[in-house]
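Below you'll find the structure, written out as structure tokens, and then a few comments.
Numbered from 1 within each chain, the chains take letters A, B, ... in sequence-line order.
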Amino acid sequence: MPAIRTFSLTKVYEGARAAQDVHALTDLNLEVRPGEIYGYLGPNGSGKTTTIKLILGLIFPTSGHVEVFGSRDIGSVEVKQRVGYLPEGAYYPDFLRGEEILRYYGRLYGLGGRELDRRVGAVMEQVGIAHARKRLLRSYSKGMRQRIGLAQALISDPDILILDEPTTGLDPIARKEIRDILAALRDAGKTLLVSSHELLEVELICDRVGILFEGVLQKQGTLAELLEARDLQVEVDGWKPELAEQLSGKGVVLDDAVGARAKLRMPPGSAVDAAVAVCRDLKLNIIGITPRRETLEELFVRVVKSARQQNPAVAAASGDGAK
Amino acid sequence: MKQIIGWVRGPWAIAVYTYREGIRKRTLIGFLILSLLVIFGSSFISAFLDPTSRTDIELKLIKDICVATISIFGALITVFTSASVVPNEIENKVIYSILTKPIRRWQYLLGKFLGAQLIIIVNLALMGILFFAALYIRQGILPTLLLWALLLTYFEFLILSAFTFAISTAATSPVLPTIGGLFVYITGNLTEYLKDVQNRAGQTGKWLDDMLGRIAGILYDVLPNLQNFSLRNQIVNGMPNDPPTDVMIPNLMAYGLIWAVGGFLLAWLIFWRKEL
């Protein structure tokens, strides 16, 4: 049974006139499986946050429905007990200490007494801010505030975590640390739905991704299924700058050259034999051949471009482009 | 029983949090300090009076200033608090991390409403204590009438709070509910005038006169009569330890509670399917 599944989910924000209606989501069929990290990607305004709000019952669908662990009653206490949520850019009150804010959220789950103390200690340890539990939130750095947000989402030990832009605005070290926490949660059997702009982050930790553009899910699958094998990169020795002209005649691109060493990129679809033949022709010694896969960023740009070509009206309206 | 405790635990946690956050709001602290200064300062009013006309007039003046101060600043605190507790959480997105917890929307509203009441009660109590002390020091008699007046004032504020709170659940910023709350407070204290306007309408035969009369009539029927809760005349003119006269305190409390429950239900009706 999927952890989260949407069935032809559609959301239209109605304007004063029909022409002003905003179709935020159209016929969305999303599936997040238990124990995976699902990366939910899309440019600004593509409908990611709308999807999350619909899953959480903060807004209501125009048509279609959502199931969480097979239950359509997503507003029920039973379902909410199993879901943790980290909103994007949420505020946490400065006048409280780290542990106080977690106690507050814990009480909303019906926790109390020793159980609450134990959970507060455990999640602060889990997100790496146990040392700051007595400190006022106003003294927390941005990274620490994001961790307290993550901690409040984890306070009830939920089965599903929904994270809206969990690493936005953080420095590289804090990002890496948050990424490690998310990977550890997945390894502990949690299901994570991560909405993000940070394609590299998503590529590093997600098992499956969905790409949303203008409210339509354009692609969904594992990275292995979605990312195309693109070309071969050959590292060679014996490189001379005068060979550059011959390379371009064969459709080979010079990626990098340092002294006699160079990295060459073969034309898309080239076989290893063809790469070896090119190097022999040019009297270059092969050090290594690496098949190069499409990056998530390249996939994302390809999908968004394709969607725009199929629907030029949408492309003109959106204007801001893919990130 | 266990289920009831479960239902109440969440709202109570929200109420305590709302109270702790609310008492730190600069606007409220400003109103409170100002009101306490006015109440405290009224004791020195004698310096501005003709020495031959002191005693009675002076005491009446002090009482008048203090009653007005508690009424005006208390109403402002009530309106600002009730208008902001929900919209502020929508603005800063805190509401998302609360409503996604196992809390129903009515429980959330109940928590916010109770939190607002805690803030109002504490502020009213602080102003009341100072007024009580000022009167006691002046007259040497325990001003028990003031306690009844404060009780009725709270029930007046309860109605005002419930209405402002209901408007705030339809808003995304505190501005509109603040205006709405002040309108309810002002018109609620002018209901007798509204009745007058209604009675006098139609005498000129002009359509505008007629229409104003009808509007006044509708407002008179719809709005609560907040004048009923005032013991001002008795406090200013009577002995401080007299029992309250001309008012049925239990009836007024019931009247206040009914309006408050109505206001809260209206808030819930607006909020239960609100898109956040």
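Between B:Thr100 atom OG1 and A:Gln152 atom CD the span is 7.0 Å, to the nearest 0.5 Å. Atom CG of A:Leu108 is separated from atom OH of B:Tyr17 by 10.0 Å, given to the nearest 0.5 angstrom. Note that the CD atom of B:Glu89 and the OH atom of A:Tyr91 stand 9.5 Å from one another [nearest 0.5 Å]. We find the CD1-OG distance between A:Ile155 and B:Ser97 to be 12.5 Å, quoted to the nearest 0.5 Å.
Of all non-hydrogen atoms in A:Tyr105 and B:Val94, the two that sit nearest each other are OH-CG1, 4.1 Å. B:Ala13 and A:Tyr104 get closest at one heavy-atom pair: O-CE1, 3.5 Å. Taking every heavy atom of both residues into account, B:Leu276 and A:Ile59 meet most closely at O-CG2, 3.4 Å. Summarising the geometry of B:Arg105 relative to A:Gly57, their closest heavy-atom pair is NH2-O, 3.5 Å, with the distance given to 0.1 Å.
In this structure, B:Trp12 and A:Arg107 have side chains that are not in contact, with every pair of non-hydrogen atoms separated by 4.5 Å or more.
Interface remark: of the candidates B:Arg104, B:Arg24, B:Lys93, B:Arg24 forms the most heavy-atom pairs closer than 4.5 Å to chain A. The choice from A:Ile74, A:Leu96, A:Asp94, A:Leu86 that makes the most heavy-atom pairs within less than 4.5 Å of chain B is A:Leu96.
Residue A:Arg135 qualifies as enclosed at atom CZ: its count of foreign heavy atoms under 6.0 Å is above 12. Remark: A:Glu125 CD is loosely packed, at most 12 non-hydrogen atoms of other residues, nucleotides or ligands lying under 6.0 Å away. Atom CD of A:Gln20 has more than 12 heavy atoms from other residues, nucleotides or ligands within 6.0 Å. Within 6.0 Å of atom CZ in A:Arg118, more than 12 heavy atoms from other residues, nucleotides or ligands are found, so the atom counts as buried in its surroundings.
A:Glu100 touches chain B through its side chain: at least one heavy atom from C-beta onward sits under 4.5 Å away, while N, CA, C and O do not. The parts of B:Arg20 that come within reach of chain A are both its backbone and its side chain, each placing non-hydrogen atoms under 4.5 angstrom from that chain.
Side-chain atoms of B:Lys101 and A:Tyr85 include no donor-acceptor pair closer than 3.5 Å.
The backbone N or O of B:Tyr96 lies less than 3.5 Å from no partner atom in the side chain of A:Lys53, so there is not a single donor-acceptor pair.
The cationic atom of B:Arg273 (NZ for Lys, CZ for Arg) lies less than 6.0 Å from the six-membered ring centre of A:Phe60 and within 45° of the ring axis.
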